[in-house]
Amino acid sequence: MSNKDELSQGAKQRFVETAARAKNPLESVNYQSYKSPSGEEFKLICRTKTDADTKLLKWAFKLAEINVGPYYKQLKMGWQPKIKSAELNKNWARYLVAQNDKKENVAYAMFRFDMDHGDCVLYCYEMQVAAEYRRKGLGKFIMSTLEDCARLWHLEKVMLTVLNNNEPSISFFNQLGYVKDEISPDVLEQADYQILSKSMLS
């Protein structure tokens, strides 16, 4: 979509609302299952907070605790399980979950469609892959699917937040074309995180 800067806030809001009405975004994008270089096949399921079972939510929290808990513990804020659990249980939360051929959950992204500083965006709040399933292209596959969703509904960019000390994640997202967003905290703010984004307009 061209001339995005000329769109009114109302038009952008309507893009977000249209996307949010889709209960299962995977039904609208050209989604295919994913086969890793080693031949393992993975499928994605999409759940809203209202139709995600307790088992899925507990697994998502545990995986986040394992993967990013150590990075939080290095910071002054520390790992705050109640806050993270509350974040993962937001009513607006959507989960894109990768399952192996045994239908076991192995990776996920938590996201929403939203307005952010005047832009219509898909915001990815979590993207976690179980240790034994890393380096199989799953993270890239999940992010690519989110980007397809953003483009389908004419959203301007995909955004995410990453801790400054989580260098592997920063490197991963940089390789996928994500760069520090203009609203990311500057050095003087001394924040423990940065905001990355990738334009969907090109």
Side-chain angles (χ1 to χ4, degrees), residues 1-5 7 11-37 41-48 60 63-64 67-68 88 90 92-99 105-129 133-163 166 168-184 193-202:
M1 174 131 330
S2 60
N3 299 325
K4 212 52 168 283
D5 290 340
L7 285 174
K12 294 180 180 184
Q13 183 65 45
R14 286 191 290 276
F15 285 146
V16 171
E17 291 171 356
T18 300
R21 281 196 294 270
K23 185 173 182 180
N24 183 1
L26 292 179
E27 294 177 348
S28 301
V29 299
N30 186 24
Y31 161 72
Q32 303 286 334
S33 59
Y34 171 70
K35 183 172 287 189
S36 72
E41 189 164 345
F42 301 92
K43 293 184 178 180
L44 293 178
I45 62 170
C46 192
R47 296 285 183 267
T48 62
L63 186 55
N67 285 359
V68 297
L88 292 169
K90 295 288 189 182
W92 45 254
R94 290 172 178 264
Y95 285 88
L96 196 61
V97 184
Q99 296 182 328
N105 301 329
V106 299
Y108 75 93
M110 186 190 96
F111 68 100
R112 74 183 297 189
F113 304 109
D114 201 9
M115 291 292 295
D116 191 282
H117 289 74
D119 294 326
C120 50
V121 307
L122 185 154
Y123 209 112
C124 179
Y125 289 85
E126 294 282 342
M127 207 290 290
Q128 307 292 346
V129 181
Y133 288 93
R134 291 176 192 163
R135 301 193 180 282
K136 297 178 182 290
L138 262 180
K140 183 178 180 180
F141 173 56
I142 289 174
M143 293 307 299
S144 176
T145 303
L146 291 181
E147 291 168 14
D148 287 343
C149 289
R151 291 189 184 96
L152 176 70
W153 283 292
H154 311 299
L155 305 182
E156 293 169 275
K157 54 188 173 182
V158 174
M159 301 180 69
L160 56 94
T161 304
V162 63
L163 295 177
N166 191 345
S169 287
I170 294 173
S171 176
F172 168 76
F173 288 116
N174 286 165
Q175 290 174 14
L176 295 184
Y178 287 81
V179 297
K180 189 175 290 188
D181 192 81
E182 61 187 2
I183 69 165
S184 188
Y193 66 92
Q194 56 186 275
I195 298 172
L196 304 181
S197 67
K198 182 176 179 179
S199 174
M200 297 291 106
L201 300 182
S202 56

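Because only heavy atoms are used, hydrogens play no part in the values below, and waters and symmetry mates are left out as well, while side chains stay in. The structure presented is a predicted model; accordingly, all values stated were derived computationally and were not measured.
Here the shortest heavy-atom pairing between Ala150 and Met200 reads CB-CG, 3.9 Å. Nearest heavy-atom pair, Tyr34 versus Gly137, reported as atom, atom and distance to 0.1 Å: OH-CA, 3.3 Å. For Lys157 against Ser199, the heavy-atom pair with the smallest separation is CB-CA, 4.0 Å.
The distance from the CG atom of Leu196 to the CG atom of Leu176 is 10.5 Å, given to the nearest 0.5 Å. Atom CG of Leu122 sits about 10.0 Å away from atom CG of Leu160, to the nearest 0.5 Å.
Note: Tyr123 and Trp92 fail the aromatic proximity criterion, with ring centroids not under 6.0 Å apart.
A donor-acceptor pair is defined here as one N or O able to donate and one able to accept, closer than 3.5 Å; no such pair exists between the side chain of Lys180 and the backbone of Gln194. Although no hydrogens or angles enter the test, the distance criterion places a donor-acceptor pair under 3.5 Å between the side chain of Asn24 and the main chain of Leu26. Looking at Arg94, its side chain does come within 3.5 Å of a backbone N or O of Ala20 through a donor-acceptor pair. For the pair Tyr108 (side chain) and Ala60 (backbone), a donor-acceptor distance under 3.5 Å is present. Using a distance-only test at 3.5 Å, with no hydrogens or angles considered, no donor-acceptor pair links the side chain of Gln99 to the main chain of Lys43. Judged by distance alone, the side chain of Ser197 and the main-chain N or O of Met159 form no donor-acceptor pair under 3.5 Å.
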Without placing hydrogens or testing angles, list every side-chain donor-acceptor pair under 3.5 Å for residues 139-148, not counting sequence neighbours.
{"from": "Thr145", "atom 1": "OG1", "to": "Phe141", "atom 2": "O", "distance (Å)": "2.9"}
{"from": "Glu147", "atom 1": "OE1", "to": "Lys198", "atom 2": "NZ", "distance (Å)": "3.2"}
{"from": "Glu147", "atom 1": "OE2", "to": "Tyr178", "atom 2": "OH", "distance (Å)": "2.8"}
{"from": "Glu147", "atom 1": "OE2", "to": "Lys198", "atom 2": "NZ", "distance (Å)": "3.4"}

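No more than 12 heavy atoms of other residues, nucleotides or ligands shown are found within 6.0 angstrom of OH on Tyr193.
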